[in-house]
**Student:** 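Sharing a structure with you now.
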Amino acid sequence: MSGLLLRLAGPLQSWGERSAFTPVRDTAPFPTRSALIGMFAAAEGIGRGQSLDRYQDLQFTVRVDRPGVRLVDYHTAGGGFPKDRTAATSGGSNKGAAVITRRHYLSDAVFVVAVTAADETIERLADALSRPHWAPYLGRRSCLPDEPFLLRRHVDDPEEELRTRVPLSRTAPPANNGDRQEAGTIPVEFLFEQPPPPSSGGEPAPVDVIDVNDAPVSFAQHARSHTGRRIHRTRLPVPRSLAGPHHTLMQRLIDYADLEESA
């Protein structure tokens, strides 16, 4: 087993969870499993309707560098046109009026995702993400990812890499000189599909647990998106040295991403 690391950052992201073709298009506060699998399928050129069983064994760990700010866009399509030029219906006709939706986005969010799977699967995904069949996007086609996108193609312990080596996309808070034990660390939120590993100071304190079986979604969407997995949200310490001034972040990320190529 090994993993690869993705950095999901951009002006806007939208990880719709319960809003297929409804007037309100929501977003989850973090990348969903179904969206990440869709990104991989697009990179590999797998079309709609084809089996996604090859992705069932993938495990994801998400580090929340910046949760972003929720933004709601009042969106219309097809207004002011003759009926035959308005949005189409599923029955093959046209709606005859503007389609109005309110679309939710995360603005200025940054997530780093560790993808764990068998070595041959990771190698196949890394090749596809490096030369994608269809370009990746952050939940919607209008949400393009920033570079660097694929940070590392092969990592032996991706969860440990998130905690100890990947540069953190936010400024470190001021050190608390009165607390020498915590002076060198920053609490950062992580999301695990399995119970998180213990921190050096013992078991990490959970923020909350999301049981997707209790979510008010249809069975079809639930089976496609989550396959009954539990997501654990936890705050774990990362070295303060991973964070730094914003003007040096991009160079540090590029240097980090280049390490594998030069090794």
Side-chain angles (χ1 to χ4, degrees), residues 3-17 25-44 55 58-71 73 103-117 122 125-155 158-159 161-163 165-171 188-193 210 225-226 229 231-234 236 238 242-243 246 249-258 260:
L4 58 81
L5 297 175
L6 297 174
R7 181 175 178 268
L8 307 182
L12 294 175
Q13 306 184 32
S14 187
W15 308 104
E17 194 173 29
R25 308 287 179 88
D26 71 346
T27 179
F30 49 82
T32 60
R33 179 180 179 84
S34 59
L36 292 170
I37 287 177
M39 183 186 297
F40 298 153
E44 293 196 272
Y55 304 113
L58 297 182
Q59 293 184 11
F60 298 103
T61 301
V62 179
R63 191 184 74 185
V64 183
D65 285 14
R66 292 202 301 265
V69 177
R70 191 174 292 269
L71 179 152
D73 176 35
R103 305 189 179 192
H104 293 229
Y105 297 89
L106 301 177
S107 174
D108 198 34
V110 181
F111 307 96
V112 182
V113 181
V115 185
T116 305
I122 292 299
L125 291 178
D127 288 342
L129 291 168
S130 298
R131 298 174 179 83
H133 183 89
W134 288 302
Y137 49 84
L138 306 179
R140 293 199 182 118
R141 289 195 180 99
S142 60
C143 302
L144 302 179
D146 285 347
E147 291 288 350
F149 171 65
L150 177 60
L151 289 179
R152 287 291 182 90
R153 296 172 53 96
H154 180 89
V155 180
E159 293 178 0
E161 196 81 1
L162 287 184
R163 294 183 57 188
R165 299 196 66 190
V166 183
L168 187 65
S169 298
R170 74 182 193 204
T171 303
V188 176
E189 186 173 32
F190 287 74
L191 297 100
F192 298 88
E193 284 192 339
I210 304 169
S225 302
H226 303 291
R229 296 168 187 261
I231 302 172
H232 299 255
R233 302 179 67 182
T234 304
L236 297 176
V238 302
L242 295 185
H246 288 294
L249 172 64
M250 188 58 62
Q251 186 59 54
R252 295 174 66 209
L253 284 167
I254 292 173
D255 291 344
Y256 172 81
D258 284 347
E260 182 173 312

**Student:** Give, for atom CD of Q13 and atom CG of L144, the distance between the pair rounded to the nearest 0.5 Å.
**Tutor:**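 Here the interatomic distance stands at 11.5 Å.
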
**Student:** Less than 4.5 Å apart, side chain to side chain, heavy atoms only: is that true for L6 and L151?
**Tutor:**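 In short, these two side chains do not touch, never coming nearer than 4.5 Å.
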
**Student:** Might you point out which heavy atoms bring R252 and P167 nearest each other, and give the distance in Å?
**Tutor:**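 Scanning both residues, the minimum pair turns out to be O-CG, 4.0 Å.
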
**Student:** Does the side chain of S142 come within less than 4.5 Å of L12's, by heavy atoms?
**Tutor:**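 The answer is no, as the side chains (C-beta and beyond) never meet within the 4.5 Å cut-off.
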
**Student:** Is the shortest heavy-atom distance from the side chain of H104 to the side chain of L71 under 4.5 Å?
**Tutor:**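 Not touching, per the 4.5 Å side-chain cut-off.
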
**Student:** Within this structure, what is the CZ-CZ distance for the pair F111 and R7, rounded to the nearest 0.5 Å?
**Tutor:**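 Going from the CZ atom of F111 to the CZ atom of R7 covers 11.5 Å.
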
**Student:** Is the backbone N or O of L162 less than 3.5 Å from a side-chain atom of R63, with the two atoms forming a donor-acceptor pair by type?
**Tutor:**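 The answer is yes, because a donor-acceptor pair under 3.5 Å joins these two groups.
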
**Student:** Decide yes or no on side-chain contact (heavy atoms from CB on, under 4.5 Å) for W15 and L138, but give the supporting numbers first.
**Tutor:** CA-CA 7 Å; W15 308 104; L138 306 179; 3.9 Å; yes

**Student:** Run the side-chain contact (heavy atoms from CB on, under 4.5 Å) check on V188 and V64 step by step: do they pass?
**Tutor:** CA-CA 7 Å; V188 176; V64 183; 5.7 Å; no

**Student:** Nearest 0.5 Å, please: how far is CD in E159 from CZ in F192?
**Tutor:**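 Nearest 0.5 Å value for the CZ-CD distance: 5.0 Å.
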
**Student:** Heavy atoms only: give me the nearest A42-H133 pair and the separation to one decimal.
**Tutor:**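 Heavy atoms only, the tightest pair is O-CB, 3.6 Å.
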
**Student:** Hey, what do you get for CG (L242) to CZ (R165), rounding to the nearest 0.5 Å?
**Tutor:**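 Spacing of CG (L242) from CZ (R165) equals 10.0 Å.
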
**Student:** What's the verdict on side-chain contact (heavy atoms from CB on, under 4.5 Å) for E189 and R233, showing C-alpha distance, side-chain angles and the deciding distance?
**Tutor:** CA-CA 7 Å; E189 186 173 32; R233 302 179 67 182; 2.9 Å; yes

**Student:** Where do Y137 and M39 come nearest, in terms of heavy atoms and distance?
**Tutor:**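 In terms of heavy atoms, the two residues are closest at O-CE, 3.4 Å.
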
**Student:** So, taking the atom named CD in E161 and the one named OH in Y256, what distance separates them when rounded to the nearest 0.5 Å?
**Tutor:**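 Reported value, rounded in 0.5 Å steps: 3.5 Å.
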
**Student:** Only one of I122, V115, L5, T116 forms a side-chain contact (heavy atoms from CB on, under 4.5 Å) with V155, so which one is it?
**Tutor:**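 Only one option passes, and that is L5.
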
**Student:** Ion pair present between R103 and D26, side-chain N to carboxylate O less than 4.0 angstrom?
**Tutor:**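 Salt bridge flag = no for D26 with R103.
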
**Student:** Any chance the side chains of R140 and S14 put a donor and an acceptor closer than 3.5 Å?
**Tutor:**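 Per modelled atom types, R140 and S14 side chains form a pair under 3.5 Å.
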
**Student:** So do the side chains of L4 and H154 get within less than 4.5 Å of each other, counting heavy atoms only?
**Tutor:**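 L4 does not reach H154 side chain to side chain.
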
**Student:** Indicate the ring-plane relationship of Y55 and F40, choosing parallel, tilted or perpendicular according to the 30° and 60° boundaries.
**Tutor:**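 Because their plane-to-plane angle lies in the 30° to 60° range, the rings of Y55 and F40 count as tilted.
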
**Student:** Return the minimal non-hydrogen interatomic distance between G10 and D146, and the atom names on each side.
**Tutor:**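 Reported closest heavy-atom pair: CA-OD2, 3.6 Å.
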
**Student:** With rounding to the nearest 0.5 Å, note down the distance linking CG in L8 to CG in L36.
**Tutor:**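 Going from the CG atom of L8 to the CG atom of L36 covers 6.5 Å.
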
**Student:** Identify the two heavy atoms, one from A109 and one from P67, that lie closest to each other, and give their separation to 0.1 Å.
**Tutor:**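 Nearest heavy atoms, A109 then P67: CB-O, 3.7 Å.
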
**Student:** Would you check if V62 and P31 make a side-chain contact, meaning some heavy-atom pair closer than 4.5 Å?
**Tutor:**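 Counting from C-beta outward, V62 and P31 do come under 4.5 Å.
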
**Student:** Which heavy atom in F190 sits nearest to a heavy atom in T61, and how many Å separate them?
**Tutor:**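 Looking at all heavy atoms of both residues, the closest pair is CD2-CG2, 4.4 Å.
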
**Student:** Using the side-chain contact (heavy atoms from CB on, under 4.5 Å) rule, take R153 and D127 through it: C-alpha gap first, then chi angles, then the decisive distance, then the call.
**Tutor:** CA-CA 8 Å; R153 296 172 53 96; D127 288 342; 2.4 Å; yes

